[in-house]
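Input: a single structure, listed below in structure tokens.
All figures in this text were calculated on a predicted structure; none of them were measured in a lab. Chain identifiers are assigned alphabetically (A, B, ...) following the order of the sequence lines, protein sequences preceding nucleic acid strands; residue numbering begins at 1 within each chain.
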Number of protein chains: 2
Amino acid sequence: MTETNTNRIPPRSGTAFTLERGQLLTVIDPEGQQVSDLVAYNAHDTEEYISSGRSLDYAARMLLTTGDILYSNRSNPMLTIMTDEVGRHDFTLTPCSRDTFRIIYGDDQPHRGCQGNLEEALAPYGITGDRIPIAFNVFMHVAVDPGTSEIKVLPPLSKAGQQVVFRAEMDLVIGMTACSAGESNNFRYKPIDYRVSSG
Amino acid sequence: MTETNTNRIPPRSGTAFTLERGQLLTVIDPEGQQVSDLVAYNAHDTEEYISSGRSLDYAARMLLTTGDILYSNRSNPMLTIMTDEVGRHDFTLTPCSRDTFRIIYGDDQPHRGCQGNLEEALAPYGITGDRIPIAFNVFMHVAVDPGTSEIKVLPPLSKAGQQVVFRAEMDLVIGMTACSAGESNNFRYKPIDYRVSSG
């Protein structure tokens with residue numbers, strides 16, 4: 001693989017960029033215990049987007065890792081997880097938002113969250129807030145009580161420098177954040193690093 | 001409540017209708033062990049749609065039942081579960097589709113599934129296939145292995161005549177099916193009944 005520059009997403013912010021079919025996207029947790037909400041769209045038709053419901057159904061597993069495919073709403077492969085040094089991510093929850101902070105955290109002046117950060121980053125691609133689906137929440141550690149089905153958001157299992165590598169299976173627009181929700185990152189808001197390289 | 005006619009959704013088909021704020025929607029499993037995929041849209045702006053990711057996050061539970069609220073992608077309440085005689089439904093998987101039958105079942109001539117049935121039923125409301133999200137899958141019994149996270153679709157726990165009542169929290173377009181996937185209904189394709197009444 002051709003090594004390229006590592007980019008940094010500052011704490012509580014987001015970015016968007018294109019990824020060509022065959023390129024690799026490496027998502028790195030530089031300090032450990034941070035989450036990155038990742039969404040993907042077909043670069044040539046952004047009405048096609050990453051679908052947790054399709055992906056979980058086809059994998060027949062709630063937790064996706066190396067070898068698993070993230071499918072679109074049209075059941076086309078978008079990203080394959082090539083390597084995964086952590087093995088624990090979430091694919092059930094939407095990005096945190098002003099409403100998350102209002103409803104769950106009771107904040108008076110809620111942060112715009114990953115939702116707001118993704119909206120700003122994706123706007124140049126013509127993607128609006130209503131088109132932001134359940135994200136593949138890299139490193140997010142969601143535990144479900146097998147008896148009560150209660151959801152607990154726990155500190156990520158990622159250690160400093162650990163990474164996940166995805167391969168693009170079509171030309172994509174990617175949106176990514178350094179997560180803004182305290183619960184997701186043990187209340188220490190940190191950056192996320194990423195790298196794009198040829199396959 | 002004002003009683004109204006009971007409508008039948010024939011096996012492997014779907015329907016769509018409007019529901020006014022405050023009206024009640026009763027979903028009935030007339031023969032037992034059948035699933036109904038339910039999606040909802042703001043009747044005045046169909047870009048606002050039912051969101052599993054928001055609803056599960058706010059409930060902090062994977063399994064929703066009496067008293068729980070189904071939220072929209074904009075974090076507004078759409079439907080409240082008023083009574084629930086079964087207590088086991090799914091809110092993680094997308095409607096079965098041609099691709100489901102192709103990828104999971106290996107069918108040569110796959111049925112269009114709940115996805116295709118919803119697409120046809122929702123077309124008169126200007127809602128396209130790309131806008132069909134993860135459904136609230138009434139009576140669908142999805143078991144997740146707490147160790148491996150493996151998903152198993154088991155026969156519904158619903159017995160003949162059991163029902164769930166939802167209250168509309170805004171004016172809605174509802175799409176509903178009698179599920180087409182064998183796994184969901186123990187390979188006995190049955191109808192679903194529903195009733196709309198004033199609150």
Side-chain angles (χ1 to χ4, degrees), chain A residues 37 42 45-49 51-65 69 71-77 88 90-104 115 128-135 137 142-153 181 183, chain B residues 37 42 45-49 51-65 69 71-77 88 90-104 115 128-135 137 142-153 181 183:
Chain A
D37 290 15
N42 177 342
D45 179 359
T46 57
E47 291 290 293
E48 182 168 14
Y49 58 90
S51 169
S52 62
R54 300 272 185 239
S55 305
L56 300 176
D57 204 4
Y58 300 149
R61 232 174 323 102
M62 290 299 288
L63 301 175
L64 303 189
T65 185
I69 296 169
Y71 284 88
S72 75
N73 58 318
R74 296 178 190 164
S75 295
N76 296 314
R88 186 76 188 211
D90 171 70
F91 209 5
T92 54
L93 302 179
T94 34
C96 63
S97 68
R98 212 166 253 121
D99 298 300
T100 316
F101 291 110
R102 178 177 56 79
I103 296 172
I104 298 184
Q115 174 79 25
T128 65
D130 286 329
R131 299 278 79 78
I132 296 174
I134 292 172
N137 300 305
V142 174
V144 177
D145 184 298
T148 63
S149 89
E150 191 192 351
I151 294 170
K152 279 201 179 136
V153 181
E183 251 185 356
Chain B
D37 290 15
N42 176 341
D45 178 358
T46 58
E47 291 289 294
E48 184 168 13
Y49 57 90
S51 170
S52 61
R54 301 273 186 238
S55 304
L56 300 176
D57 204 3
Y58 300 149
R61 232 174 323 104
M62 291 298 289
L63 301 175
L64 304 188
T65 184
I69 295 168
Y71 283 89
S72 76
N73 58 319
R74 297 179 189 163
S75 295
N76 296 314
R88 186 76 187 211
D90 171 70
F91 209 5
T92 55
L93 302 179
T94 33
C96 63
S97 68
R98 212 165 252 121
D99 299 299
T100 315
F101 292 109
R102 179 177 55 81
I103 296 173
I104 298 184
Q115 174 78 26
T128 64
D130 286 330
R131 299 277 79 81
I132 295 173
I134 292 172
N137 300 304
V142 174
V144 177
D145 184 296
T148 64
S149 88
E150 191 191 350
I151 295 169
K152 281 202 179 134
V153 180
E183 252 185 354

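Partners of A:Ser51 by side-chain contact (heavy atoms from CB on, under 4.5 Å), not counting sequence neighbours, listed by chain and number: A:Arg54, A:Asn73, B:Thr94.
Between atom CG of residue A:Asp130 and atom CG of residue B:Asp45 there is a gap of 7.0 Å, rounded to the nearest 0.5 Å. In this structure, CZ in A:Arg131 is found 3.0 Å from CZ in B:Arg131, a value given to the nearest 0.5 Å.
In terms of heavy-atom proximity, A:Tyr71 sits nearest to B:Ile103 at CE2-CD1, 4.4 Å. Scanning all heavy atoms of the two residues, the minimum distance from A:Gly53 to B:Leu93 falls at O-CD2, 3.9 Å. The minimum heavy-atom distance linking B:Asp99 with A:Ser75 is given by the pair CB-OG, 3.3 Å.
Chain A forms more heavy-atom pairs under 4.5 Å with one residue of B:Ser55, B:Pro146, B:Ala60 than with any other, namely B:Ala60. Note on A:Gln115, A:Glu47, A:Glu150: by heavy-atom pairs under 4.5 Å with chain B, the leading option is A:Glu47. Note: A:Ser149 leads A:Ala143, A:Ser149, A:Ala59 in heavy-atom pairs under 4.5 Å with chain B. Ranked by heavy-atom pairs shorter than 4.5 Å toward chain A, the options B:Ile132, B:Ile104, B:Val142 are led by B:Ile104.
Only the side chain of A:Tyr49 comes within contact range of chain B, with at least one heavy atom under 4.5 Å from a heavy atom of that chain. In this structure, no portion of B:Glu48 lies under 4.5 Å from any heavy atom of chain A. The contact between A:Leu63 and chain B is made by backbone and side chain atoms together, counting heavy-atom distances below 4.5 Å.
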Practice item. Could you please spell out the steps behind the side chain to side chain contact (heavy atoms under 4.5 Å, CB included) verdict for B:Val144 and A:Val144? Key: CA-CA 10 Å; B:Val144 177; A:Val144 177; over 6 Å; no
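A:Leu56 is listed as a side-chain neighbour of B:Ile151, based on a closest heavy-atom distance under 4.5 Å.
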